[in-house]
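Working notes, structure below.
Start at 1 with the first residue, then count along the sequence.
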Amino acid sequence: MSVALLLLALKIYAAIQTGSTAMLGSLADTALDLVASLVTLIGVWVAAIPADNDHRFGHGKAEALAALVQVVLISISAVGLAARAISVWLGGGQVEEAGMGITVSLIAMAATVLLLAWQRHVIRRTGSIAIQTDHVHYQSDILLNLGVIAALALDQYAGLTGADPLFALGIAGWLGWNALAASQHAIDNLMDREWPPEKRQRLLDTIRDNPELHGLHDLRTRTAGSRDFAQFHITVDANMTVARAHDVMDEIEAKLLAEFPDTEFLIHTDPEGHVEPDVGVPVDLLTEGVGADVKDDGTLIRPEAAREA
């Protein structure tokens, strides 16, 4: 937010001095950066609130909601900038004081590079989806400022008067593309999309060598903000005591938490040979691998023959 405030003041001055549409687009983008960072702050703060009586799984999805708000803001900025660029293109006009605009854009690029480095550090430490979305947006700022520099130089120094609105249109398209890309991750989070196949396979590989684990099925995973959730059924010896089965689950959970910290696991135990009447014989994922219990159309396999048995 501090970086956005600094750049906002510089770009307001530069936009007034140059009259550049591309600089105006950069100014609008920075203004939205400020609002988006405020939304991110609120989203991360809410997501960090511990689980309570009304939200037993925590508040992690507040980050995804914050990310979607950012996407809306970026999209509005892209549409507004495109409309302004078309208006300037049709009406003509030339930029002034290009040197001022170029200097401000170089300062903005330097500040953005430092900010991106800090955000990458935070993402590695927290896995925050809101910060990831903010990071994607600020990455586009590098190209945006390069575009502004090119537009100003071509318009004033090379005499290409259409360069400024043309580059502004390109910046608008870039913002729209980034909004689309950022929205996908947030929507996946809100829709409880499964972990990537390689991550789920790593979960299976982590506990595969337990000699008392005879099978694993019905693996379900999801992510809420920076926190992961996984639940599955394990198959053990039918004659195993409840106490021993509990110890086996504790051993499995300890291995998983070492590999997947900040993840909540829910493990259900089934005796070997048990068949649910309304489900059928489960597919053993330890033997068949990740995705073996899913059909080509994405639905879960529920064999009719096993159900009858």
Side-chain angles (χ1 to χ4, degrees), residues 1-5 7-8 29-77 112 114-141 175 178-200 202-203 206 219-232 253-254 256-267:
M1 290 174 64
S2 299
V3 170
L5 279 170
L7 298 183
L8 187 66
D29 182 67
T30 299
L32 287 175
D33 285 346
L34 178 61
V35 177
S37 294
L38 177 60
V39 171
T40 299
L41 173 63
I42 296 172
V44 171
W45 176 73
V46 173
I49 297 175
D52 56 30
N53 189 54
D54 293 324
H55 304 88
R56 296 296 180 93
F57 289 98
H59 301 77
K61 289 189 178 181
E63 288 199 28
L65 292 173
L68 284 182
V69 172
Q70 292 183 55
V71 167
V72 172
L73 294 174
I74 296 170
S75 300
I76 293 173
S77 175
T112 303
L114 294 175
L115 179 60
L116 288 172
W118 174 247
Q119 285 182 324
R120 282 194 293 271
H121 169 72
V122 173
I123 292 169
R124 284 195 299 269
R125 290 286 302 272
T126 67
S128 168
I129 184 176
I131 301 297
Q132 288 176 27
T133 304
D134 213 31
H135 185 70
V136 169
H137 184 38
Y138 276 108
Q139 281 178 321
S140 71
D141 284 359
L175 288 173
N178 277 279
L180 180 63
S183 67
Q184 187 59 54
H185 196 29
I187 291 172
D188 286 345
N189 198 281
L190 291 171
M191 293 295 293
D192 290 336
R193 186 179 180 89
E194 286 285 320
W195 293 355
E198 59 273 12
K199 186 174 180 179
R200 284 181 284 152
R202 186 155 57 92
L203 182 150
T206 300
L219 172 62
R220 303 181 187 186
T221 57
R222 64 185 180 92
T223 300
S226 60
R227 189 169 180 79
D228 285 331
F229 296 85
Q231 63 185 66
F232 52 86
E253 188 173 24
L256 289 173
L257 287 174
E259 183 68 21
F260 301 92
D262 297 322
T263 301
E264 183 174 311
F265 293 99
L266 178 62
I267 307 174

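Although no hydrogens or angles enter the test, the distance criterion places a donor-acceptor pair under 3.5 Å between the side chain of His59 and the main chain of Ile49. Side-chain N or O atoms of Ser183 include one that pairs as donor or acceptor with a backbone N or O of Leu180 at under 3.5 Å. The backbone N or O of Phe229 lies less than 3.5 Å from no partner atom in the side chain of Glu264, so there is not a single donor-acceptor pair.
The distance from atom CZ of Phe260 to atom CG of Leu203, rounded to the nearest 0.5 Å, is 5.0 Å. Taking OG1 of Thr223 as the start and CD of Glu194 as the end, the distance is 9.5 Å to the nearest 0.5 Å. Distance check: Leu256 CG to Ile267 CD1 gives 6.0 Å after rounding to the nearest 0.5 Å. How far CG of Asn189 is from CD of Gln184: 11.5 Å, rounded to the nearest 0.5 Å.
Among all heavy-atom pairs drawn from Ala62 and Val46, the shortest one is CB-CG1, 3.6 Å. Among all heavy-atom pairs drawn from Arg227 and Asp262, the shortest one is CG-O, 3.5 Å. Contact between Gly58 and Ala51 at its shortest, heavy atoms only, is N-CB, 3.7 Å. The two residues Ala4 and Thr30 make their nearest non-hydrogen contact at O-CG2, 3.5 Å. For the residue pair Ala66 and Thr40, the shortest heavy atom distance occurs at CB-CA, 4.5 Å. Annotation for Ala230 and Thr221: closest pair CB-CG2, 3.9 Å, computed over non-hydrogen atoms.
Looking at heavy atoms from C-beta onward, Arg202 lies out of side-chain contact with Trp195 at the 4.5 angstrom threshold. At least one side-chain heavy atom of Leu7 sits under 4.5 Å from a side-chain heavy atom of Thr112. Side chains of Arg56 and Asn53 form a contact here, defined as non-hydrogen atoms less than 4.5 Å apart. Within the 4.5 Å cutoff, the side chain of Lys61 has no heavy atoms near those of the Leu65 side chain.
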*Carefully, step by step, assess Leu114 and Val3 under the rule side-chain contact (heavy atoms from CB on, under 4.5 Å).*
CA-CA 10 Å; Leu114 294 175; Val3 170; over 6 Å; no
